[in-house]
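Data block below; observations after.
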Amino acid sequence: MRYPLLSLFASAALFFWTCISLHGGVPVIPEPNSVNLSEKTFNKKNLGRIKYVTAKDLPAEGYEIQIKKKRILVRSSDEAGKYYAQQTLEQLSRADVMYCGIIKDAPRYGWRGFMLDEARHFLGKEKVKEVLDLMGRYKLNRFHWHLSDDQGWRVEIKAYPQLCSGEYYTQEEIREIVAYAAERHIEVIPEIDMPGHATAFTKTFPELALGERTVNPKNEKLYPVLETIIRELAGLFPGRYLHIGGDEVFGEGWKELQKEFELRHSANVIRAGKTPIVWDDALESELDRNTTLIHWWRADHPESLKKALEVGYKTIISPWDPFYLDYIQDERCKEGHLAWKQYVNGMDEIYGYKLSEDQHVMGIQANLWTERVVTGERLDYMVFPRLIALAEKAWTLESNLNYQNFLERLEIEYGYLDSIQVYYYDFRDFDRHPEPLK
Ligand code: TNX
């Protein structure tokens, strides 16, 4: 070593810097709301000594962690809060030193979602479980599962087995995944997209079609078939919601046809005990605002969001710009959205997106459409780390969001993603994980 004094100085500076930056926050994603740490350190040998108590004064999904020198006390009002405290502790315990103190935390939004389209390409249950693991880690709690589209129908319906012709989930597999999600406090919301995007259905029931991709709302025989399907789905998915699609039907007369369809179809969903969710294209169908959720995705139609909130619909926010993960995140990528290959949805845009303060906003969601996602590797590449940024945005109070600070914590998190072999897009070194084109 040529300059021993200099290098000693450098390592002292680095040590000092690490201490300061650790004091600025904790290496946890999403950033907790309030962190008060002291100089005292917790002895990690005592990680097994965690006491959990129920505290009804805390908000739903919230928790409080008191770290003493030799033991930890976790307070939460529900099981989800306890689970989230465990996620926070797991991330904290990876640091060399754990400080004593108090962490108080609760989510900004009740709806913190991710949508996976398995109709365009079928990724399979092992991949889905990996995604659910990571969703739980980052405190996401809604898994919206797009299970039908023009390209395929992916959920077994016992009354109509002919609907599934390619790869699909048996009802037993669906139950297994729903249970797996529930262990991570994630509610699964299946989507059967109608009246458009329905080729997989109309191929099976040509007599119920109007054109190639749409069902015929005027055909009386359509509704009993859909009702049977809804009833099976309602029994299969114990969650509160059923997403009934409603996007992208255009053309002569469709406004009235869609209105008739949505009213009758959603009434059946409600009768089966579920709350229907529709894409914001169906806003004009004027469904009951007390029994329907609007899912706003058309970033190029801000007036649609405005109207949904004004009418008083509870609304989920996932504008394609920037919350759609099928769009590329780096100009150097080759395969993005089907038509707008070069349109970039950067992680910084997701993190910095300006959200409405309206009380009817239930929360936010990122969506992965899979027209161009065939492998689990490409799924990883498109979803991570952007979904982690979305998770922080969904959980952490606006006043605590700081992109630079997020990037520093993400730096630590990469170590974890590497350890479980997630093929994420690495913005620090573009060539480290080359873009998988399928
Ligand atoms: C629009 S979002 C769609 C999907 C496509 C997606 C591609 C929505 C409700 N409909 O069918 O896959 O764009 O980004």
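Quick caveat, the model's predicted, so the values are computed rather than measured. Order of appearance sets the numbers: ligands from 1, and atoms from 1 within every ligand.
Arg409 pairs by the side-chain hydrogen bond (donor to acceptor under 3.5 Å, both in side chains) definition with Glu31, Glu392, Asn405, not counting sequence neighbours. Judged as a side-chain hydrogen bond (donor to acceptor under 3.5 Å, both in side chains), and not counting sequence neighbours, Asp78 has no contacts. Qualifying side-chain hydrogen bond (donor to acceptor under 3.5 Å, both in side chains) partners for Gln151, counting only residues two or more places apart in sequence or in other chains: Arg120.
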Distances for all N or O pairs of ligand 1 and the protein under 3.5 Å?
from	atom 1	to	atom 2	distance (Å)
ligand 1	10 (N)	Asp247	OD2	2.8
ligand 1	11 (O)	Arg120	NH2	3.0
ligand 1	12 (O)	Arg120	NH1	2.9
ligand 1	12 (O)	Glu371	OE1	3.4
ligand 1	12 (O)	Glu371	OE2	2.6
ligand 1	14 (O)	Asp326	OD2	2.6
ligand 1	14 (O)	His337	NE2	3.3

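A distance below 6.0 Å separates the ring centres of Tyr327 and His337.
Across Arg386, Arg432, Glu413, a single residue satisfies side-chain hydrogen bond (donor to acceptor under 3.5 Å, both in side chains) together with Tyr424, and that is Arg432.
Using a 30° and 60° split on the angle between ring planes, Trp369 and His146 fall in the perpendicular class, above 60°.
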